[in-house]
Amino acid sequence: MTTFRWRPEARAGHARAGWLDTAHGSVPTPTFMPVGTAGTVKAMTMDSVRATGAGIVLGNTYHLMLRPGAERVRALGGLHRFMDWPGPILTDSGGFQVMSLGPLRKLDQDGVTFRSHIDGSRHRLTPERSTDIQHALDATITMCFDECPALPAAPDVIAKSMRMSMRWAERCRTAFIQRPGYAQYGIIQGGTEPELRAESVRALTGIGFEGYAIGGLAVGEGQELMFATLDATVPLIPDASPRYLMGVGTPDDLLGSVERGVDMFDCVMPTRAGRTARAYTERGTLNLRNARHATDSRPISPHCDCLACSRHSRAYLHHLFRANEILGPMLLTWHNLAYYQRLMRGMRAAIVDGAFAAHADHLRAQWAMDDWSGDEMPFPDIPPVA
């Protein structure tokens, strides 16, 4: 039977390359998880997600409990079969979504009562209920139910929230049904207060989890403060455990976080950007709606083998978005996810090869450049139709 574990392979300073072994396969780290909130990565088939090189995806307790319902997913064979993803799936606990409902939710020490954003129906989530739902979905990695307070907030408010989340984490651990190859992650909270982050780590490691996530960042505090919080927090996490930074982020965020020892990431940025005509490339971002792309016969990137880049020009993608054709968001989402996976593979290879510092400098220098203006950028040959 498979044991859930993170296996180290190489290090470069604090940066780590390794393998995450799970009941649903092994994933190379550092890794980026495409967000499949409601059982689908928006605008993508799961075959196209696989084609980007993704090894693990994310689902969400809140959205799946409301529609179609966790018990229905269980009856239909679990989330892996339901969404055609046999590989590992991490499910967010729903805590962030519930806390984002504002006046539609009421928080107490036992859990949260809220009204659905879909139809206004009344629901309740507790640490136990969130854990049970994730079990019904057959999540490979279950996340603890926590509160994520909006920042900025007073230290006493952050401390009160963090300590309640730690009490909830203990209840989540008790409710979690341990199975070979499956895991539950505790979520470190505490805002940007180093002392509170350290207290949170002590509480969670005292309970004992298979992995640890850093929550409550990338919520408006700015990159400098986020990195300072990681500097204070990541070294406190057990070295043998996988480290997951939730909801982050831009390519530069990912690079800086890998430099600080983070192994796992998720973010809606690449998929959301794909739906709004923004393309991530080795030389920054492009807005394909801009008129300058209307007659540009070049691909988005000469280094990308995704369907958007291997078969289509910037001019064609510009046309699709101007014409509001659904193919535009589909192709650009594919491209962005392919870029994110290529970025992670490149960082991992550089760590293994002992060249991570030089690779990081190269990435930052490339992002600072302005597209490929003035550079030769040939369009790939299009093979004839058989």
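Throughout, numbering of the chain's residues begins at 1 and tracks the sequence. What you see is a predicted model; the values in this text were computed from it and never measured. Worth knowing before you read on, the calculation uses all heavy atoms, side chains too, and leaves out hydrogens, waters and symmetry mates.
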Go through it in stages, so that I can follow the logic: the residues are Leu245 and Leu230, the test is side-chain contact (heavy atoms from CB on, under 4.5 Å), and I'd like the CA-CA distance, side-chain angles, deciding distance and then a yes or no. CA-CA 9 Å; Leu245 179 56; Leu230 291 178; 3.9 Å; yes
Given the rule in the side-chain contact (heavy atoms from CB on, under 4.5 Å) test, do Arg115 and Arg105 qualify, once you have shown the distances and angles that lead to the verdict? CA-CA 6 Å; Arg115 293 198 175 274; Arg105 55 92 169 166; over 6 Å; no
Asp110/Arg124 under side-chain contact (heavy atoms from CB on, under 4.5 Å): CA gap, chis, key distance, verdict: CA-CA 10 Å; Asp110 185 58; Arg124 183 160 177 80; 3.2 Å; yes
List the steps and the verdict of side-chain contact (heavy atoms from CB on, under 4.5 Å) for Leu254 and Leu343. CA-CA 9 Å; Leu254 299 183; Leu343 174 66; 4.1 Å; yes
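In this structure Asp146 satisfies the side chain to side chain donor-acceptor pair (under 3.5 Å) test together with Gln189, sequence neighbours excluded. Residues satisfying the ring-ring contact (aromatic ring centres under 6.0 Å, His included) test with His135, not counting sequence neighbours, are none. Under the ring-ring contact (aromatic ring centres under 6.0 Å, His included) criterion, Tyr340 pairs with Phe32, Tyr280, not counting sequence neighbours. Take Arg173 and apply the side chain to side chain donor-acceptor pair (under 3.5 Å) test, not counting sequence neighbours, and it matches Gln184, Glu210.
Between Asp353 and Arg348 no salt bridge is recorded (no basic side-chain N to carboxylate O distance below 4.0 Å). Ionic pairing of Arg129 and Asp132 is not present here: no N-O contact between side-chain nitrogen and carboxylate oxygen is shorter than 4.0 angstrom. A salt bridge does not link Arg283 with Asp371: none of the charged nitrogens is closer than 4.0 Å to a carboxylate oxygen. Comment: Glu170 does not engage Arg167 in a salt bridge, judged by the lack of any side-chain N to carboxylate O separation of less than 4.0 angstrom. A salt bridge does not link Asp305 with Arg311: every distance from a Lys NZ or Arg NE/NH1/NH2 to an Asp or Glu carboxylate oxygen is 4.0 Å or more.
Residue pairs meeting the ring-ring contact (aromatic ring centres under 6.0 Å, His included) criterion with at least one partner in residues 91-129, sequence neighbours excluded, are Tyr62-Phe114, Tyr62-His117, His63-His117, Phe114-His123. Residue pairs that meet the ring-ring contact (aromatic ring centres under 6.0 Å, His included) test with at least one member in residues 194-235, sequence neighbours left out, do not exist here. For the salt bridge (charged side-chain N to carboxylate O under 4.0 Å, His left out) condition, the pairs that include at least one residue of residues 224-234, sequence neighbours left out, are Asp231-Arg260. Contacts classified as ring-ring contact (aromatic ring centres under 6.0 Å, His included) and involving residues 241-275 (residues at least two apart or in different chains) are not found. Sorted by first and then second residue, the pairs that involve residues 146-173 and meet ring-ring contact (aromatic ring centres under 6.0 Å, His included), not counting sequence neighbours, are Phe145-Trp168.
Through direct or indirect side-chain contacts shorter than 4.5 Å among Ile, Leu, Val, Met, Phe, Trp and Tyr, Ile177 is connected to no other residue.
Between the side chains of Asn60 and Thr37, no donor-acceptor pair is found at a separation under 3.5 Å. Under the 3.5 Å distance criterion, with hydrogens and angles disregarded, a donor-acceptor pair is assigned to the side chains of Trp6 and Thr29. For the residue pair Ser121 and Asp119, a side-chain donor N or O sits within less than 3.5 Å of a side-chain acceptor on the partner.
When hydrophobic clusters are built by joining Ile, Leu, Val, Met, Phe, Trp and Tyr residues whose side-chain heavy atoms come closer than 4.5 Å, directly or via intermediates, Met143 is grouped together with Val268. Residues Ile188 and Val248 share a single hydrophobic cluster, defined by chaining ILVMFWY side chains whose heavy atoms lie under 4.5 Å apart. Cluster membership for Leu331 and Leu286, using ILVMFWY side-chain heavy atoms within less than 4.5 angstrom, is shared.
The number of heavy atoms from other shown groups lying within 6.0 Å of NE2 (His14) does not exceed 12. More than 12 heavy atoms of other residues, nucleotides or ligands shown are found within 6.0 angstrom of CZ on Arg7. Remark: Arg67 CZ is loosely packed, at most 12 non-hydrogen atoms of other residues, nucleotides or ligands lying under 6.0 Å away.
Contact detail for Phe356 and Met347: the closest heavy-atom pair is CD1-O, 3.9 Å.
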Quiz: residues 317-326 side-chain donor-acceptor pairs under 3.5 angstrom, not counting sequence neighbours:
| from | atom 1 | to | atom 2 | distance (Å) |
| --- | --- | --- | --- | --- |
| His318 | ND1 | Leu288 | O | 2.9 |
| His318 | ND1 | Arg289 | O | 3.4 |
| His318 | ND1 | Asn290 | O | 3.3 |

Side-chain donor/acceptor pairs under 3.5 Å, residues 151-163, sequence neighbours excluded:
| from | atom 1 | to | atom 2 | distance (Å) |
| --- | --- | --- | --- | --- |
| Ser161 | OG | Glu147 | OE1 | 2.8 |
| Arg163 | NE | Glu199 | OE2 | 2.8 |
| Arg163 | NH2 | Glu199 | OE1 | 3.0 |

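Of the possible polar contacts, one joining the Thr233 side chain to the Thr229 backbone as a donor-acceptor pair under 3.5 Å is found. Side-chain atoms of Ser257 come within 3.5 Å of backbone N or O of Asp253 as a donor-acceptor pair. Not a single donor-acceptor pair under 3.5 Å links the side chain of Glu71 to the backbone N or O of Gly69. A donor-acceptor contact shorter than 3.5 Å links the side chain of Gln134 to the backbone of Ser130. Side-chain N or O atoms of Asn336 include none that pairs as donor or acceptor with a backbone N or O of Arg272 at under 3.5 Å. A donor-acceptor contact shorter than 3.5 Å links the side chain of Arg314 to the backbone of Ile300. A distance-only check finds no donor-acceptor pair linking the side chain of Arg243 to the backbone of Val262 [under 3.5 Å]. The closest donor-acceptor contact from the side chain of Thr271 to the backbone of Thr333 lies at 3.5 Å or more, if one exists at all. Of the possible polar contacts, one joining the Thr131 side chain to the Pro127 backbone as a donor-acceptor pair under 3.5 Å is found.
A heavy-atom distance below 4.5 Å is not found between the side chains of Pro88 and His80. Between Arg278 and Leu332 there is no side-chain heavy-atom pair separated by less than 4.5 Å. Residues Tyr185 and Met264 have side chains in contact (heavy-atom distance under 4.5 Å, counting atoms from C-beta outward).
Summarising the geometry, atom CG belonging to Asp263 is positioned 9.0 Å from atom CD1 belonging to Ile237; distances are rounded to the nearest 0.5 Å. The distance from the CD1 atom of Ile133 to the OG1 atom of Thr91 is 10.0 Å, given to the nearest 0.5 Å.
In summary, of the residues considered (Thr2, Thr142, Asp138), a side-chain hydrogen bond (donor to acceptor under 3.5 Å, both in side chains) with Tyr182 occurs for Asp138 alone.
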